[in-house]
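Contents: one structure, followed by commentary.
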Amino acid sequence: MEFQKRTITCGELRPKDAGRTVILNGWVNARRDYGGVIFIDLRDRNGVTQCVVDSSATPLLAPSIKDVRNEWVVWVKGLVRMRENPNPNIPTGLIEIIAEDIGIINSADVTPFEIVDDLGTNEELRLEYRYLDLRRRVLQKNFEVRNTLYQITHQFFAEEGFTEVETPVLTKSTPEGARDYLVPSRVNKGRFYALPQSPQLFKQLLMVSGFDKYMQIVKCFRDEDLRADRQPEFTQIDVEMSFVDQEDIIALTERFIARVWHEVLDVKLTMPLRRISYEDAMNLYGSDKPDLRLSGEIVDVTASSATSGFSVFTNAVESGGVVKAFVASGSASFSRKQIDELTEHARTYGAKGMPWLKYSNGEITGSFAKAIDQSELQAIIKNVGAADGDLIVFAAGEWERSCIVLGALRQKIAIQNGEFERVADSYALCWVTEFPLLEYSDEEKRWVARHHPFTSPMSADVALLTTDPSRARAMAYDLVINGYEAAGGSIRIHKNEVQNEIFSLLGMSNDEAQTKFGFLLKALRYGAPPHGGIAFGFDRLVMVLVGTDNIRDVVAFPKTTSGLSLMDGCPTPVAQSQLDQLGIQVKASS
RNA sequence: GGGAUCGUAGCUCAGUUUGGUUAGAGCGCCGCCCUGUCAAGGCGGAGGUCGCGGGUUCGAGCCCCGUCGGUCCCGCCA
């Protein structure tokens, strides 16, 4: 029997519709069979409507749907009427459809897991049957938010006078930055395209072209190891403007984010956002993307530790390092086991150990309490600003490493204290600015760009490039939301000479720079305007907006942490003939 | 590249500490009963290469080695 097209969806009917005859199309969400009466809950993405088969009214209908089970696709034609027993839990709960006719559109095998919101099933199975996983309301809601964000983004940037321009997906491989995904060229054997890590150079070239205000919602690809918030392909809102400085980009971003939060969450954010320098962020929170929802700041006790009598501290100070502490307010009640977990956590971040003290009932105990005098312990407690009932954890050694260790501990302590549950529906946004322009790579034995090699140094620090490059700061800024790097950008170098100077600082010869980035250097000689921009991590924005900590909840068809797609099984081997066409020979794996 | 953790019925898990009869439970599934439920209920039933391979042993879900896969993290992610 041909299916009867729906006249309304499964989420719309209300008491005012009583008396109407309607047709619904949808999936069987539940079947409750009482023999004489059968309830079928019919579901589509809009909601669930209860349909009733009453054998006294329609004696032939029940046998015709005898085999119908969950997830079968059916159409139901019938009269809308008020329910005898309303269900206050669903929007359509006051009405039901008394079925006059039902047709089976398609049967369904028993699904490998139930289509319910609070699913306990492991992700392996969910990813294999991703199309079933995506039937679940909790996931569908995420994609509705994602869609809303697409619309707001296009609207906002259009209103601000931006032009969306598409940039190539088959691009030139560049050595700086992340590993590239490569695409072999058939016509030019032995040569490769790279999928873009971002459209960085293209958007700069568009500025040279005079596009002035460019934006694009665009896929980017980075062949690096994955995390809970990282997929090999991800989406950015890519933005670039000419004749602007950092303040213009920050102001634009704040207008955009305020609008998104207002329209998606009905939350009014206070602008302008707090700004924290990279150095302060590291010193206070031990992270360049601090979660400002969490309590507590790191304190520096290097000066007072020099004479503490505790060799771990004094040695650190003598070798030019620092001693830092984090006071976990009210956490003196932590068990030995919890402290061991913290120590283990510190070790994974490169700490050799984790000195700690407890200040409880006027007494000071801890890992090195017996190693030094009581008076010195008292002095330490005073220096870190601890109160009775607090746990104090320490890190001593190289500055950045010590900061990172305590930042990690701050976060771990918050987890152990259940603090994340308390801050679940709140938002803490800030800018992190004044990043170092360069950092020294021990692996490559040279300076590498911390952001990317096209980032302009702060004008005050240009002189440092020749004297002390490590101290030169970049005109770069990251938007941090709840501990996620939600956006990052910079003012770019628009002068050929400066760009050449940076390349040479990065250990690149003139020839090398020409080979790799000659097209950019050439473009900068044809009247490049001052320009800068920002790129938002679209997936991460959606994550924060829907309140998930897993990027796979906001990407329709994600990869696993090893980069596999469990549904279609890619990546897969390819036919020898395909390889032959490309002139590629695959090495036997060792 | 490294660390942690998980893999037992369609699903979620127990059983592994201390190797020993026929590997259990809940949900789901199948059958029957039932006219007001909404995760319906009652009765009955089927369903397992304990991820895979090898080893130790009289005997392995359990011990050992390897391997595959999931998750989280460090490194990495300009």
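Lettering follows sequence order; numbering is per chain, from 1.
Between A:Arg552 and B:C72, a side-chain N or O to OP1/OP2 separation shorter than 4.0 Å is present. Note on A:Arg32: a side-chain N or O is less than 4.0 Å away from OP1 or OP2 of B:A40. Remark: A:Asn122 is not in phosphate contact with B:G70, judged by side-chain N or O atoms under 4.0 Å from OP1 or OP2. At the phosphate of B:C72, OP1 or OP2 sits under 4.0 Å from a side-chain N or O atom of A:Asn550. Close to B:C30, at under 4.0 Å from its OP1 or OP2, lies a side-chain N or O of A:Arg69. Close to B:G70, at under 4.0 Å from its OP1 or OP2, lies a side-chain N or O of A:Thr560. For B:G3, the OP1/OP2 oxygens have no side-chain nitrogen or oxygen of A:Thr348 closer than 4.0 Å. Between A:Ser55 and B:U35, a side-chain N or O to OP1/OP2 separation shorter than 4.0 Å is absent. At least one side-chain nitrogen or oxygen of A:Arg227 sits closer than 4.0 Å to the OP1 or OP2 atom of B:C74.
When ring centroids are compared, A:Phe234 and A:Phe538 stay outside the 6.0 Å threshold. Taking the six-membered ring where the residue is Trp, the centroids of A:Phe326 and A:Phe394 are separated by 6.0 Å or more.
Which of B:U37, B:G75, B:G70 sits closest to the side chain of A:Glu96 comes down to B:U37. If you check B:U37, B:C77, B:A40 against the side chain of A:Arg83, the one that comes closest is B:U37. The nucleotide whose nearest atom lies closest to any side-chain atom of A:Thr561 is, among B:U71, B:G36, B:C76, B:U71. Of the candidate nucleotides B:C72, B:C38, B:U71, B:U71 has the atom nearest to the side chain of A:Leu127. Of the candidate nucleotides B:C38, B:C77, B:C29, B:C38 has the atom lying nearest to any side-chain atom of A:Asn87.
Between B:G54 and B:G48, the two C1' atoms lie 23 Å apart (nearest whole Å). Here the separation of B:G26 from B:U71, taken at their C1' atoms, is 25 Å to the nearest Å. Spacing between B:G59 and B:G55 at atom C1', rounded to whole Å, works out to 15 Å. Nucleotides B:U5 and B:G31 place their P atoms 45 Å apart, quoted to the nearest Å.
In this structure a side-chain-to-backbone donor-acceptor pair under 3.5 Å is missing from A:Glu123 to A:Arg126.
To the nearest 0.5 angstrom, A:Gln499 atom CD is 11.5 Å from A:His494 atom NE2.
Per the stacking criterion (ring centres < 5.5 Å, plane angle < 30°), A:Tyr34 does not stack onto the base of B:U35.
Nucleotide B:U37 has no partner under the Watson-Crick or G-U criteria, as no pair reaches both atom distances under 3.5 Å. Nucleotide B:G7 is matched to B:C68 when pairs are restricted to Watson-Crick or G-U wobble geometry with both distances under 3.5 angstrom.
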